[in-house]
Amino acid sequence: MAKQNVAEQFVDILARAGVERLYGVVGDSLNPVVDAVRRHSGVEWIQVRHEETAAFAAGAEAQVTGKLAACAGSCGPGNLHLINGLYDAHRSAAPVLALASQIPSSEIGLGYFQETHPDQLFRECSHYSELISSPKQMPRLLHTAIQNAVGRSGVSVVSLPGDVASAPAPDKPVETALVTARPTVRPGDAELDALVRLIDDADKVTLFCGSGTAGAHAEVMEFAGRIKSPVGHALRGKEHIQYDNPYDVGMSGLLGYGAAYEATHECDLLILLGTDFPYNAFLPDDVKIAQVDVRPEHLGRRSKLDLAVWGDVRETLRCLIPRVRVKDSRRFLDRMLKKHADALEGVVKAYTRKVEKHVPLHPEYVASVLDELAADDAVFTVDTGMCNVWAARYLTPNGRRRVIGSFSHGSMANALPMAIGAQFTDRRRQVVSMSGDGGFSMLMGDFLTLVQYDLPVKVVLFNNSSLGMVELEMLVAGLPSYGTTNKNPDFAAVARACGAHGVRVEKPRQLAGALKDAFRHKGPALVDVVTDPNALSIPPKISAEMVTGFALSASKIVLDGGVGRMLQLARSNLRNVPRP
């Protein structure tokens, strides 16, 4: 039997860790690893057109499966292209192993062609970033990188010179067990007792939930029912907490709606559950706050805490539920439910008023029709910008759908690459990329990846020929919009030229049929929807400075935000509110 080289050993270890795909672009120092993948039955090389796509795709795969995913880039510019997608994966707590191949080891530090120092460059967007300078390092170093990525939920980067990758592997590599899942973390009894006292002493408690509530829906609902608490959520908590939720008061933040803001500010005790909500301006500073999070570095970094609790949300609530005293009064909860329903009633007209006649199409209407026609277990990948708004307000979660975006890092051009990674996990599952024209055109080359692998991703393009969120930012600042207009092609014609299904929608009556045809199509499809560039969004609470900005630049623009089928849930929840 021929002796393994380091590259072959590297790929073997990835396969043992559960990695099924390696996303990247081939080239020079990376070639030994790519050749090892070619000859390995358990790992597939996924050729993308840009390494940034590779990193986004790996991050999305990790978020959909909960398992380690991997990407790779060749030396210098090749692996530098990974950095944006790796930042996003790291901030999304997605376990990703990135291989940054390196120039010949004898040339490092001598200004060689394409020389960079990836072991240093990627440190800010990873838990672990190290260089393999000797074949004897490789097994243990790669094991350590995998343990960091999986155990700490984030990115690990391994830099590997091409000559080291081609060298013979050690005769007896260290075969250590690999971490493949994270443990549950239970808080200490002292912290639990302190939290019980805070809850029992408070008349009005609000729960505000983030992505850390994944898998804890039943526990959050039981807990909220026991203490009669309104339940709000951040954007990343929406898919995990909003469905089947009789205590729902909406979302807070820049994309928010409903009564979440009021519920978090009018309570006696605010409990933050598994959220690293970034906008401290939307959090109160005059109520007691307790925070529960499995990542201790998140505790207290957004707001001053009265109690920090280190633990899984699910495990913590399982401990709390039998300990807290049942609250009898629903007065605060019912008042917030009523405020929430009233708030949604006031804005729902935005996407129901004359939508059949409005040209260009209301993007709210496009999102609401998409929500109705998409599969019950669809995976939506969402571009940053106005697509975030439409996804937050119109996609209806049900416990089976997934909504993935660059919600923490806020990168443009993420939706299409993420859709690639999501679709590779299951070709039979519907994957929809909600793309803006700005984001789509930035990494449009990887639409060819869909065609090359016949991935049945459906790209729904919200084409308003502008950078809508940037225009909104300028308006808020009192600036005239500038540099935000895009001169776009017929994207449907581009899709057809690439060999995919493509259709352009310019009138509302064309929309439903175009989406249905795209969903029935067995391969990749793009629906280019021409939407109204004047459809903007404002947060549920705005400052005087924001008002001044709008008055300066947008006094004649009416900003209105719809909420889709969430109004139905709010109306349903009101049935439980006693009538006066």
Side-chain angles (χ1 to χ4, degrees), residues 1-48 51 54 58 67-76 78-79 82 95-110 112-119 122 126 128-151 155-180:
M1 182 176 176
K3 185 177 176 62
Q4 274 192 324
N5 64 20
V6 168
E8 293 166 331
Q9 191 179 74
F10 188 99
V11 175
D12 273 349
I13 293 173
L14 287 185
R16 274 206 307 124
V19 172
E20 299 179 20
R21 283 163 286 274
L22 190 58
Y23 300 89
V25 178
V26 300
D28 43 73
S29 56
L30 188 58
N31 289 341
V33 175
V34 176
D35 188 63
V37 172
R38 177 182 65 84
R39 291 179 282 107
H40 197 286
S41 60
V43 180
E44 181 183 7
W45 177 259
I46 305 300
Q47 176 188 346
V48 296
E51 289 91 350
K67 300 191 301 183
L68 183 70
C71 58
S74 58
C75 63
N79 62 58
L82 294 171
V96 171
L97 188 287
L99 169 60
S101 70
Q102 179 59 301
I103 63 173
S105 55
S106 61
E107 301 297 332
I108 294 175
L110 299 174
Y112 191 73
F113 175 66
Q114 293 189 324
E115 180 175 6
T116 60
H117 294 87
D119 53 311
F122 291 103
S126 67
Y128 184 85
S129 181
E130 293 292 347
L131 170 70
I132 296 175
S133 55
S134 164
K136 292 182 179 180
Q137 282 180 281
M138 207 289 290
R140 286 187 299 158
L141 194 146
L142 181 55
H143 287 158
T144 302
I146 292 170
Q147 313 283 51
N148 271 273
V150 175
V155 171
S156 283
V157 181
V158 174
S159 302
L160 179 63
D163 59 310
V164 177
S166 299
D171 290 331
K172 295 181 180 180
V174 178
E175 294 288 346
T176 59
L178 291 168
V179 166
T180 56

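Distance check, rounded to the nearest 0.5 Å: NZ of Lys3 to CD of Glu8 gives 10.5 Å. Of the inter-residue distances, the one linking Asn5 atom CG with Met138 atom CE reads 9.5 Å to the nearest 0.5 angstrom. For the atom pair CG (Leu14) and CG (Leu99), the distance works out to 8.0 Å, reported to the nearest 0.5 Å. With values rounded to the nearest 0.5 angstrom, Leu30 atom CG is found 7.5 Å from Leu22 atom CG. Remark: Ser101 OG to Asn79 CG distance equals 6.0 Å, nearest 0.5 Å. Rounded to the nearest 0.5 angstrom, Asn148 CG and Glu130 CD are separated by 9.5 Å.
Between Gly73 and Leu82, the shortest heavy-atom contact is N-CD1, 3.7 Å. Closest non-hydrogen pair, Val25 versus Val48, comes out as CG2-O, 3.4 Å. Considering every non-hydrogen atom in both Phe122 and Ala100, the closest pair reads CE1-CB, 4.1 Å. Annotation for Val157 and Ser126: closest pair CG2-CB, 4.1 Å, computed over non-hydrogen atoms. Across all their heavy atoms, Val11 and Ala36 have their closest contact at CG2-CB, 3.8 Å.
Using a 4.5 Å cut-off on side-chain heavy atoms (C-beta onward), Leu141 and Tyr128 make contact.
The side chain to side chain contact (heavy atoms under 4.5 Å, CB included) test applied to Glu20 returns Lys67, not counting sequence neighbours. Taking Asp119 as the reference, His117, Arg123, Ser129, Leu131, Ser159 meet the side chain to side chain contact (heavy atoms under 4.5 Å, CB included) condition, with sequence neighbours excluded. Checked against side chain to side chain contact (heavy atoms under 4.5 Å, CB included), Asp28 has the following partners two or more places apart in sequence or in another chain: Ser74, Cys75, Gln114. Judged as a side chain to side chain donor-acceptor pair (under 3.5 Å), and not counting sequence neighbours, the contacts of Asp163 are Ser105. Residues passing the salt bridge (charged side-chain N to carboxylate O under 4.0 Å, His left out) test with Asp35 are Arg38, Arg39, sequence neighbours excluded. Here Glu107 pairs with Ile103, Pro104, Leu110, Tyr112 under the side chain to side chain contact (heavy atoms under 4.5 Å, CB included) rule; sequence neighbours left out.
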What do the steps show when you test Gln9 against Leu142 for side chain to side chain contact (heavy atoms under 4.5 Å, CB included), and what is the final call? CA-CA 10 Å; Gln9 191 179 74; Leu142 181 55; over 6 Å; no
